[in-house]
Amino acid sequence: MDSVNKTLYIPLYGKAFVSRKGIILKDTKAEEIWEKEGFPLKGKSKSKWLAYYMGMRSAVFDRWLIQKMEEFPEAAVLHLGCGMDSRIERVGLRGHRWYDVDFPEVIKQREAYFREQGDYRMLRADIRQDGWLAEIPGGSAIVILEGVSMYLKIEEMKHFLENLCAHFERVYLLTDCYTLFAAKASRFKNPINDVGVTQVYGLDDPQILTGEGLSFVREHEITPRDLIGQLQGMERSIFQKVYAGKIAGKMYRLYEYRK
């Protein structure tokens with residue numbers, strides 16, 4: 001795997017960590033994969049604070065996805081840049097067609113733990129390229145883009161979104177994004193540096209990604225109070241100040257779009 005693909009180890013560790021502690025997110029599959037694979041992480045990429053953050057981020061995406069699946073029962077679910085995430089098991093199909101999409105080398109590794117069956121498929125694709133959507137019927141799509149946008153240039157991100165909107169009549173999208181400040185700072189101080197990544201991208205204005213029928217809906221909270229409340233004592237206080245306060249807001253955003 002290249003360095004960008006190796007970043008999937010970081011959220012996987014975070015989900016396994018909080019699941020073992022019995023807080024924020026229940027993910028026995030992440031626990032299983034982490035224990036068996038023993039991916040090499042070091043430094044900040046394996047800190048408990050980042051693990052809490054990764055667990056909360058995934059929990060927020062799960063909540064949003066469940067709500068949208070209930071609102072739009074006919075829509076397909078696209079989990080792009082799925083890595084080794086077991087969202088399909090945490091959320092369940094709920095009568096939807098579900099596509100987990102990632103690079104071929106990631107899906108190959110993923111196939112050791114997940115099997116296609118029924119309406120669940122795993123697709124090998126680079127979402128920056130044209131053509132991969134041809135394998136998915138049109139109509140409506142609920143799209144999860146977690147931990148992906150920061151590795152795409154703005155032009156690549158906009159091209160991907162144009163393809164998405166051209167293929168589907170209706171799109172419901174949730175994506176996290178770095179700010180421009182965070183992207184610059186990440187060259188020197190970011191847990192992803194521990195797996196060799198130094199170049200990432202950000203945006204400050206969510207409207208930059210609108211167009212081709214895609215409109216900005218609203219910003220979401222990545223670290224909701226009820227999830228922070230599951231931490232104990234000083235950990236709760238420290239996390240609230242460092243990872244969920246104004247400083248964190250200057251680094252990281254969560255945006256919802258729709259067509």
| query | Among Phe17, Tyr13, Tyr9, which residue meets the ring-ring contact (aromatic ring centres under 6.0 Å, His included) test with Trp34? | reply | Tyr13
| field | Value rounded to 0.5 Å, distance of CE in Met251 from CG in Leu180 | value | 11.5 Å
| said: Quick check on Gln207: does its CD atom have over 12 non-hydrogen neighbours (other residues, nucleotides or ligands) under 6.0 Å away? | reply: yes
| Within the side chain of Arg110, is there an N or O that forms a donor-acceptor pair under 3.5 Å with the backbone of Asp85? | yes
| field | side chain to side chain contact (heavy atoms under 4.5 Å, CB included) assessment of Leu161 paired with Leu173 | value | CA-CA 10 Å; Leu161 292 174; Leu173 167 71; 3.6 Å; yes
| request: Taking the side chain as every heavy atom from C-beta outward, state whether Ile208 and Pro206 have any atom pair closer than 4.5 Å. | output: no
| Hey, are Glu111 and Arg124 close enough for a salt bridge, meaning a charged N less than 4.0 Å from a carboxylate O? | yes
| Is Glu162 salt-bridged to Lys158, going by a charged N under 4.0 Å from an acidic O? | no
| Is the side chain of Ser86 donor-acceptor paired with the backbone N or O of Glu89 at a distance under 3.5 Å, no angle test? | no
| query | If only atom types and distance count, is the side chain of His96 paired as donor or acceptor with the main-chain N or O of Val77 below 3.5 Å? | reply | no
| Hey, mind stepping through Tyr252 and Tyr178 against ring-ring contact (aromatic ring centres under 6.0 Å, His included) and telling me if it holds? | CA-CA 5 Å; Tyr252 207 58; Tyr178 279 169; 5.7 Å; yes
| Which heavy-atom pair separates Asp119 from Leu93 by the least distance, and what is that distance? | O-CD2, 4.2 Å
| message | Determine whether Asp176 and Phe61 satisfy the following criterion, side chain to side chain contact (heavy atoms under 4.5 Å, CB included), listing intermediate values before the conclusion. | response | CA-CA 10 Å; Asp176 51 339; Phe61 270 91; 4.1 Å; yes
| message | Is it the case that the side chain of Lys15 and the backbone of Gly55 share a donor-acceptor pair, with hydrogens and angles ignored and the cut-off at 3.5 Å? | response | no
| Are the side chain of Tyr257 and the backbone N or O of Val171 linked by a donor-acceptor pair below 3.5 Å? | no
| query | Any side-chain heavy-atom pair from Val101 and Trp132 closer than 4.5 angstrom? | reply | yes
| task | Could you tell me whether Lys29 sits above the aromatic face of Phe114, with NZ or CZ closer than 6.0 angstrom to the six-membered ring centre and within 45 degrees of the axis? | result | yes
| Quick one: which of Lys68, Gln67, Arg170, His79 gives a side chain to side chain contact (heavy atoms under 4.5 Å, CB included) with Ile142? | Lys68
| message | Between the side chains of Arg121 and Asp100, is the shortest nitrogen-to-carboxylate-oxygen separation below 4.0 Å, so that they form an ion pair? | response | no
| Side-chain donor/acceptor of Glu169 to backbone N/O of Gly138, under 3.5 Å | no
| Minimum heavy-atom distance Gly202-Ile154, with the two atoms named | O-CD1, 3.9 Å
| field | Backbone N/O of Ile24 and side chain of Gln230: donor-acceptor pair under 3.5 Å | value | yes
| Main-chain N/O of Ile222 paired with Arg57 side-chain donor or acceptor, under 3.5 Å | no
| Can Ile127 and Val148 be said to form a side chain to side chain contact (heavy atoms under 4.5 Å, CB included), step by step? | CA-CA 10 Å; Ile127 65 171; Val148 175; 4.1 Å; yes
| query | What are the two closest heavy atoms between Gly229 and Arg236, and how far apart are they? | reply | O-NH2, 3.3 Å
| Polar side-chain atom of Arg253 near backbone of Gly249 as donor-acceptor pair, under 3.5 Å | yes
| field | Asp27 and Arg87 ion-paired at < 4.0 Å | value | no
| request: Evaluate the side chain to side chain contact (heavy atoms under 4.5 Å, CB included) criterion for residues Ile136 and Leu123: first the C-alpha distance (whole Å), next the side-chain angles of each, then the deciding distance (0.1 Å), finally the verdict. | output: CA-CA 10 Å; Ile136 304 174; Leu123 301 183; 3.9 Å; yes
| task | Tell me whether the centres of the aromatic rings in Tyr201 and Tyr151 are closer together than 6.0 Å. | result | no
| task | Determine, using the 4.5 Å side-chain heavy-atom cutoff (strictly less than), whether Leu65 and Leu227 are members of one ILVMFWY cluster. | result | yes
| query | Is there a path from Leu78 to Met157 through hydrophobic residues (I, L, V, M, F, W, Y) whose side chains come within less than 4.5 Å of each other? | reply | yes
| note | Taking every heavy atom of Ser149 against every heavy atom of Cys177, the minimum-distance pair comes out as OG-CA, 3.5 Å
| said: Tell me whether the rings of Phe239 and Tyr53 are parallel (<30°), tilted (30 to 60°) or perpendicular (>60°). | reply: tilted
| said: Assess, by modelled atom type and distance only, whether the side chains of Glu235 and Tyr52 contain a donor and an acceptor separated by less than 3.5 Å. | reply: yes
| message | Under 3.5 Å, is there a donor on one side chain and an acceptor on the other for Ser58 and Glu146? | response | yes
| message | I'd like to know if the side chain of Ser215 reaches the main chain of Arg258, judged simply by a donor and an acceptor atom lying under 3.5 Å from each other, with no hydrogens or angles considered. | response | yes
